[in-house]
Engineer: 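Quick one: this structure, given as structure tokens, is what I'll be asking you about.
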Amino acid sequence: MTKFLQPYIAVWLLAATACTAENQFDISGELPGNAGKTIYLERFEGNSPVKIDSATIGSDGRFEIRAQFKGTDYYRLALSNENSLVFIGDSVGQLKITAQGGDLTNPTQLEGSEDSKKLQELAAAVKSLLAERASIFANQQANQEALNQQMGELNTKAMATFHGFIDKNFQSPAALAALNQLNPIDDLAYFEKVRNALAARMANSAYWQSLDKQINLVKLELSNRQQAEQQTADGIVAPEIVLPSVNGGNVALSSLRGKVVLLDFWASWCGPCRAESPNLVKAYQKYKSKGFEIYSVSLDKSETAWKNAIREDGLTWTHVSDLQFWNSAAARTYNINSIPATFLLDTEGKIIAKNLRGPALDAKLEELFGQ
């Protein structure tokens with residue numbers, strides 16, 4: 001699933017508020033076919049839009065709302081949750097909207113706020129990408145390989161679209177919506193670019209402060225990852241692990257020194273891990289007598305599920321777990337973000353290979369032990 005496929009009413013909108021001086025803001029528009037209906041002006045607070053004003057649409061489809069906006073912020077005009085328009089309220093003072101057929105989601109004219117125009121430009125791009133995605137999945141003739149290739153190409157196109165939008169509009173609050181489609185770990189430079197550009201304009205907003213906090217947390221995470229990578233680089237003695245064994249008592253990874261050890265991170269609930277079990281059983285039976293051992297660290301939460309999986313899959317080697325799921329102390333030390341994950345250690349406990357599975361593991365063990 002690609003990141004750009006998230007619903008367009010983005011999380012960042014729900015967290016954004018501003019705390020600067022109030023500005024009078026006049027909103028007017030034409031929504032043919034909606035005479036007598038109430039249109040609401042809302043500001044996002046917490047996780048819900050909060051109504052702050054409203055107007056009755058006239059017989060000619062026109063409406064006017066005069067509101068007090070608190071600096072640059074994110075608002076919504078809504079006839080309903082399905083028929084609404086998110087826009088950026090700022091110090092411009094006026095916003096004029098025309099929507100043929102009364103469809104606020106696709107205004108034919110938007111005047112008075114360049115930032116809101118940019119937001120609509122991004123919304124149109126997202127809509128186009130979603131339509132392409134739907135078209136790909138609608139092709140019943142495509143096999144899985146072709147489907148994966150097409151989705152990969154579309155994801156590449158989507159990322160280029162969002163990167164390009166930010167590069168062009170990083171000084172606009174509209175760029176915040178594009179950030180919502182990116183991964184801050186992969187695209188930290190874009191997050192920092194927007195945060196820095198909007199600091200003077202939005203530093204008092206709850207969203208800007210949340211963005212700043214998010215960036216700092218990502219930097220800490222990247223620092224931790226770098227440290228973990230240094231600790232688990234090839235040729236480095238694997239960091240010690242001491243965890244409760246499935247048979248009771250603690251077992252240290254270092255207690256297996258003198259053997260070639262496969263340090264294996266897995267869980268009973270992990271499908272790919274369980275699919276790899278027969279390969280591990282085969283390798284263990286083939287090379288155990290030659291000095292091969294497996295030290296499996298489970299990321300389970302349930303002791304029963306953990307023990308049942310060991311029994312069902314016939315896993316007869318060393319098993320340990322603190323039953324802390326992704327918060328496992330060993331998983332944090334080794335920066336495990338997905339499983340299965342493996343580290344092959346030589347007789348001195350040094351890391352000599354990573355993430356070997358199936359034939360690749362057997363080939364490496366054959367290289368070490370012979371036929």
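Just so it is clear, the model here is predicted, and its values are computed rather than measured. Reckoned from all heavy atoms, side chains included, excluding hydrogens, waters and symmetry mates. The residues of the chain are indexed from 1 along the displayed sequence.
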Engineer: With under 30° as parallel and over 60° as perpendicular, where do the rings of F292 and Y287 fit, or are they tilted in between?
Structural biologist: perpendicular
Engineer: Atom CD of E42 and atom CG of D53: how far apart are they, to the nearest 0.5 Å?
Structural biologist: 11.0 Å
Engineer: Determine whether L253 and L345 make a side-chain contact, defined as any pair of heavy atoms from C-beta on separated by less than 4.5 Å.
Structural biologist: yes
Engineer: What I'd like to find out is whether the side chain of I339 reaches to under 4.5 Å of the side chain of W269, using heavy atoms alone.
Structural biologist: yes
Engineer: Between I310 and Y295, is there a shared hydrophobic cluster once you connect ILVMFWY residues whose side-chain heavy atoms come closer than 4.5 Å?
Structural biologist: no
Engineer: Any heavy-atom pair between the side chains of K354 and D234 that's under 4.5 Å?
Structural biologist: yes
Engineer: List the steps and the verdict of side chain to side chain contact (heavy atoms under 4.5 Å, CB included) for V246 and K307.
Structural biologist: CA-CA 7 Å; V246 70; K307 291 182 176 180; 3.7 Å; yes
Engineer: Looking at E121 and K118, is there a salt bridge between them, counting it only when a charged N and a carboxylate O are closer than 4.0 Å?
Structural biologist: no
Engineer: Taking C-beta and beyond as the side chain, do I88 and Y74 meet within less than 4.5 Å on heavy atoms?
Structural biologist: yes
Engineer: Using a strict threshold of under 4.0 Å (side-chain N to carboxylate O), is an ion pair present between D167 and K193?
Structural biologist: yes
Engineer: Checking D300 side chain against S268 main chain: does a donor-acceptor pair fall under 3.5 Å?
Structural biologist: yes
Engineer: Nearest 0.5 Å, please: how far is CG in L361 from CG in D264?
Structural biologist: 10.0 Å
Engineer: Enter the distance from Q324:CD to L299:CG here, rounded to the nearest 0.5 Å.
Structural biologist: 10.5 Å
Engineer: Answer yes or no: is there a side-chain heavy-atom contact under 4.5 Å between L77 and F63?
Structural biologist: yes
Engineer: Between F369 and K290, is there a cation-pi geometry (under 6.0 Å to ring centre, at most 45° from the normal)?
Structural biologist: no
Engineer: Exactly one of K157, Q150, K127 should register a side-chain hydrogen bond (donor to acceptor under 3.5 Å, both in side chains) with E132. Which one does?
Structural biologist: K157
Engineer: Got a donor-acceptor contact below 3.5 angstrom from the D346 side chain to the I352 backbone?
Structural biologist: no
Engineer: So, do I241 and Y334 sit near enough that their side-chain heavy atoms are less than 4.5 Å apart?
Structural biologist: yes
Engineer: Would you mind reporting whether P173 and L198 have side-chain heavy atoms less than 4.5 Å apart?
Structural biologist: yes
Engineer: Whether E229 and R225 form a salt bridge (side-chain N of Lys/Arg under 4.0 Å from carboxylate O of Asp/Glu) is what I want to check.
Structural biologist: no
Engineer: Could you check whether any side-chain heavy atom of L122 comes within less than 4.5 Å of a side-chain heavy atom of T161, counting everything from C-beta outward?
Structural biologist: no
